Q: 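One structure is given below, represented as structure tokens, and several questions about it will come after.
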Amino acid sequence: MLTAGYLIWISCRPLFRLIICVSSGFAITKADLFPAVAARGTGQVLLNITLPSLMFSKIVPAFNSQNIGALGSLILVGFIYEGMGIVLAWLVSRFFWVPHRFRWGMLVAGGWGNYGDIPVAVVMSITGARPFNGTSDQTLSVAYVAGFLFVRLIGLDYVGPDVEPEEVQEATRLRRKLILYEWPTKLVDLLMRRRWDSKSAADKQTAGLDGEKRITPDPEKLQRAEHDSSKHDSVDTAVLDGTAESSTFPHLVTPQAPTTAAVDTVYTMHRQATPTLPTAVPRTATSSAARRHTFSTRLRTFLRNLLIPSSVAILASFVIALVPPLKALFVPVESWHIHPAPDGQPPLAFVLDTATFIGAASVPMGLFCLGSALARLSVPRGAWGSLPTGAILGLAITKMLVSPVLGVLICKGLVNVGFIDSSDKVLQFVCIFFSCLPTATTQVFVTQVYSGTGSAEHLSAFLIPQYILMLPSMTALTAYTLRTLF
């Protein structure tokens, strides 16, 4: 049984290393020793060399035909987390106003977590020591992280005309009023009306049955009613003929019903005042060509993202790991014998050693770049009053507090139904841990590209509170997860 103090310590220990590396990148950026050009170059080295090497060096020895089934669990959990984050961000945007040029970026900020440097740094540190099995579990955990990395909308923010923040705020206020007040009021009125109608119908039916039993015709009342009826008929005839004076029968003169001509006149005026809607435009060859162009553009983008070095390295690593003759070229395989190199190692073991050597730089470089990106996130002083504080805090709370709770429930449910192996504690830890990741700082660079001005002023305000809440949230989730697993 692990003590509370030990759980808290091993949960905080990887965060200390993370804070030191991030603070170093932050400090050298503020000291103007790590300019934006250098940060972009380091990012390119990270994405195209060190990260693919790290994935290759961990996936090839870790995966085999026995544990490849975990990949399906990782991909499913990754899609669930992204969908859940997008839904939570959308709900926040329904209640709080979001800048027009951040309407799609809000969804990406909710669904796209920092799946790179932070989880690799923390997971490697925790799974490399007790209560896990050291190096073997550490290698397996990083290989599991690749499942999330394998599994974007920002460009849509800068399509179309700009909208002033005041207009967005007013639209959000009306939408919040509709959701919180008007819809519940209409629902209550509808339920009360249905209840009243059903009660009235029951009362009428009861009254009708009672009346048939109790009421008997009275001859004197019938004669008096016939006399009154003949009198009213004569009065109605006089009114219709126009011979009755209004002073004589003031209670009988009522406004005349509109004639057919009057109704036609009002309908014609309404038609003239109502703007006509444009007729549907038939489909043309131009629209079909535009759709084909859009589809081909998206397909090229998908293929381009699929062929980046990280994706290629992950795909190639899985193929090598699952094919024994290929895997035996890099690591020893019991079920397959291959002639070794002069040093007794597999012929291509030096390739794996090189990938391990280069990949070791991936995590520190990623954390340095993270600190540099945070150093460049600046919110002008005195501008918090004009920022969407409700959406900023709402996204931070849902991303760092609500999402981990839902992540624990989702993973526990998948374990109970047998979709996640209950004996694979590394897999369970990785799946739960990925529910408490803040928004990826890579979104800053993508936003700067699409903005046209090179700015990402809205995103910075959304990221800062998340990375502040990350430290207590990640520590608490890690300690709780280890407590439930061991």
Side-chain angles (χ1 to χ4, degrees), residues 1-26 77-78 81 84-85 88 109-110 112-134 137-138 140-142 144-145 148 363-364 366-371 373-374 377 392-412 415 425-441 462-486:
M1 180 65 67
L2 301 177
T3 63
Y6 181 77
L7 288 174
I8 295 176
W9 170 249
I10 62 176
S11 301
C12 293
R13 184 179 59 189
L15 296 181
F16 295 150
R17 184 169 62 182
L18 186 149
I19 292 174
I20 293 173
C21 292
V22 172
S23 300
S24 300
F26 187 94
V77 173
Y81 284 169
M84 179 179 66
L88 292 176
W112 188 10
N114 193 329
Y115 286 176
D117 39 31
I118 291 179
V120 173
V122 177
V123 167
M124 286 182 65
S125 176
I126 292 179
T127 57
R130 197 172 64 91
F132 290 97
N133 296 324
D137 281 354
Q138 184 184 65
L140 185 61
S141 66
V142 179
Y144 284 162
V145 171
F148 285 93
V363 175
L367 295 178
F368 292 150
C369 291
L370 173 61
L374 294 177
L377 296 180
I392 292 172
L393 296 179
L395 182 63
I397 291 173
T398 56
K399 191 77 175 169
M400 305 310 302
L401 299 180
V402 177
S403 182
V405 175
L406 297 178
V408 172
L409 297 177
I410 291 171
C411 293
K412 293 296 183 182
V415 171
K425 299 184 183 300
V426 177
L427 177 61
Q428 295 182 57
F429 175 76
V430 172
C431 288
I432 295 176
F433 181 80
F434 269 74
S435 64
C436 69
L437 297 177
T439 299
T441 54
F462 281 85
L463 288 181
I464 293 173
Q466 292 185 42
Y467 281 86
I468 293 175
L469 287 177
M470 178 189 70
L471 300 179
S473 174
M474 194 171 291
T475 302
L477 181 65
T478 302
Y480 173 80
T481 304
L482 294 177
R483 178 67 178 81
T484 57
L485 293 178
F486 297 96

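Values reported hereafter were calculated over all heavy atoms of this structure, with side chains retained and with hydrogens, waters and symmetry mates removed. Predicted model, so just to flag it, every value in this text is computed and none were measured. Numbers here simply count residues along the sequence, with the first being 1.
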Q: Using 0.5 Å steps for rounding, measure from the CE atom of Met470 to the CD1 atom of Ile19.
A: 7.0 Å

Q: Going from OG1 on Thr475 to CG on Leu7, what distance comes out if it is rounded to the nearest 0.5 angstrom?
A: 12.0 Å

Q: Would you mind reporting whether Asp137 and Ser141 have side-chain heavy atoms less than 4.5 Å apart?
A: no

Q: Holding to ring pair (Phe, Tyr, Trp, His ring centres under 6.0 Å), I want the full list of residues that pass it with Phe132, two or more places apart in sequence or in another chain.
A: Phe429, Phe486

Q: Got a list of side-chain donor-acceptor pairs under 3.5 Å for residues 397-411, not counting sequence neighbours?
A:
| unit_1 | atom_1 | unit_2 | atom_2 | d |
| --- | --- | --- | --- | --- |
| Thr398 | OG1 | Gly394 | O | 2.9 |
| Thr398 | OG1 | Leu395 | O | 3.0 |
| Lys399 | NZ | Gly110 | O | 2.5 |
| Ser403 | OG | Ser435 | O | 3.0 |

Q: Provide the closest heavy-atom pair for Thr439 versus Ala109 in the form atom of the first, atom of the second, distance.
A: OG1-O, 2.6 Å

Q: Does any part of the side chain of Val430, heavy atoms only, come nearer than 4.5 Å to the side chain of Phe148, both counted from C-beta?
A: yes

Q: How about Tyr467 and Val22: do any of their side-chain heavy atoms sit closer than 4.5 Å?
A: no

Q: Calculate, to the nearest 0.5 Å, the distance between atoms OG1 and CD1 belonging to Thr3 and Ile8 respectively.
A: 9.0 Å

Q: Got a second to check how far Leu463's CG is from Ile468's CD1, nearest 0.5 Å?
A: 11.0 Å

Q: Just so I know, are the side chains of Leu140 and Asn133 near enough to count as touching, which here means a heavy-atom distance under 4.5 Å?
A: no

Q: Could you tell me the separation between the CG atom of Leu15 and the CD1 atom of Ile20, rounded to the nearest 0.5 Å?
A: 11.0 Å

Q: Which residues pass the side-chain hydrogen bond (donor to acceptor under 3.5 Å, both in side chains) test with Thr481, sequence neighbours left out?
A: none

Q: Quick check: closest heavy atoms across Phe433 and Val123, and the distance to 0.1 Å?
A: CD2-CG2, 4.0 Å

Q: With side chains defined as the heavy atoms from C-beta onward, is the minimum distance between Thr478 and Pro14 less than 4.5 Å?
A: no

Q: Measuring from Leu374:CG to Cys369:SG, what's the distance to the nearest 0.5 Å?
A: 11.0 Å

Q: At their closest point, which heavy atom of Met124 faces which heavy atom of Gln138, and how far apart are they?
A: O-NE2, 2.8 Å

Q: Evaluate the ring planes of Phe434 and Tyr115, with Trp represented by its six-membered ring, and classify them as parallel (under 30°), tilted (30 to 60°) or perpendicular (over 60°).
A: perpendicular

Q: Please tell me if the side chains of Pro131 and Leu485 come closer than 4.5 Å, counting only heavy atoms from C-beta onward.
A: no

Q: Backbone N or O of Cys431 within a donor-acceptor pair of the Tyr81 side chain at under 3.5 Å?
A: yes

Q: Is any side-chain heavy atom of Met474 closer than 4.5 Å to one of Ile118?
A: yes

Q: Are any side-chain N or O atoms of Ser125 and backbone N or O atoms of Ala121, one a donor and one an acceptor, separated by less than 3.5 Å?
A: no

Q: For the residue pair Phe368 and Ser24, what are the closest heavy atoms and their distance?
A: CE2-CB, 3.9 Å

Q: Are side-chain heavy atoms of Leu18 and Leu367 found at a separation under 4.5 Å?
A: yes

